[in-house]
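Notes follow the structure.
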Amino acid sequence: YVRCVRCGQWLGRVGENYKVYAARRTRSVPQDALISPIRPDILFQEYLCPGCGVLLQVDTWCPKLDSDEPLWDIQVGNPKSWNRSLVSRS
């Protein structure tokens, strides 16, 4: 199983995308925190542990170009058993 290191919250089984079980917050990118401005339609998707709220991952996302499905960029387990088609958003 995949668990939060901080609180032990269950975040799925090995071979599953942990982001499906994480809490997700979508927000705009704070322009004042950037060296140069980016497109306003680019958003942050923040994934947090639902047990303790620790930030697990931040992805950039453009709703005009991609689905709302969580990016599966980290796979835990035996690499020989990974389904390569699930690594990227189709």
Side-chain angles (χ1 to χ4, degrees):
Y1 297 103
V2 178
R3 295 186 179 274
C4 174
V5 175
R6 186 177 192 189
C7 73
Q9 172 70 38
W10 185 83
L11 293 167
R13 293 180 190 88
V14 170
E16 292 182 307
N17 187 354
Y18 75 91
K19 292 177 185 176
V20 173
Y21 301 98
R24 181 171 61 177
R25 177 174 54 199
T26 301
R27 64 185 188 98
S28 60
V29 178
Q31 296 294 322
D32 59 343
L34 302 171
I35 294 172
S36 61
I38 64 170
R39 296 170 40 156
D41 55 346
I42 303 293
L43 302 170
F44 281 153
Q45 286 188 324
E46 299 174 329
Y47 295 90
L48 304 104
C49 172
C52 66
V54 70
L55 182 63
L56 302 170
Q57 174 80 24
V58 178
D59 294 335
T60 54
W61 174 57
C62 181
K64 292 181 181 179
L65 301 176
D66 207 355
S67 74
D68 194 27
E69 185 176 328
L71 176 67
W72 194 358
D73 55 346
I74 298 172
Q75 291 191 16
V76 179
N78 182 351
K80 292 180 181 178
S81 67
W82 292 349
N83 182 344
R84 297 288 181 201
S85 66
L86 296 176
V87 173
S88 63
R89 296 179 184 173
S90 302

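None of the values given here were measured: they were computed from a predicted structure.
- Rounding to the nearest 0.5 Å gives a distance of 12.5 Å between OH of Tyr21 and CZ of Arg3.
- Note that the CG atom of Asp41 and the CH2 atom of Trp61 stand 10.5 Å from one another [nearest 0.5 Å].
- Residues Arg24 and Asp68 approach most closely at NH1-O, 2.7 Å, considering heavy atoms.
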Self-check item: Verdict with reasoning, Phe44 to Thr60, per side-chain contact (heavy atoms from CB on, under 4.5 Å)
Solution: CA-CA 5 Å; Phe44 281 153; Thr60 54; 3.9 Å; yes
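- Minimum interatomic distance between Cys4 and Val54 (heavy atoms only, all atoms of both residues): SG-CG1, 3.8 Å.
- The distance from atom CD of Gln45 to atom CG of Asp66, rounded to the nearest 0.5 Å, is 8.5 Å.
- To the nearest 0.5 Å, atom CG of residue Leu56 and atom CZ of residue Arg6 are 10.5 Å apart.
- A search for side-chain hydrogen bond (donor to acceptor under 3.5 Å, both in side chains) contacts involving Gln9 returns nothing, not counting sequence neighbours.
- A side-chain donor-acceptor contact under 3.5 Å links Lys19 to the backbone of Leu71.
- Distance CH2/Trp72 to CG/Asn17: 6.0 Å, rounded to 0.5 Å.
- Distance check, rounded to the nearest 0.5 Å: OG1 of Thr26 to CG of Asp59 gives 10.0 Å.
- Taking the side-chain contact (heavy atoms from CB on, under 4.5 Å) definition, one finds that Leu55 meets it with Glu46, Leu48, Val58, sequence neighbours left out.
- The two atoms that bring Pro50 and Ala23 nearest to each other are CD-N, 4.1 Å, heavy atoms only.
- Residues Val5 and Tyr18 do not share a hydrophobic cluster, clusters being chains of Ile/Leu/Val/Met/Phe/Trp/Tyr side chains in contact below 4.5 Å.
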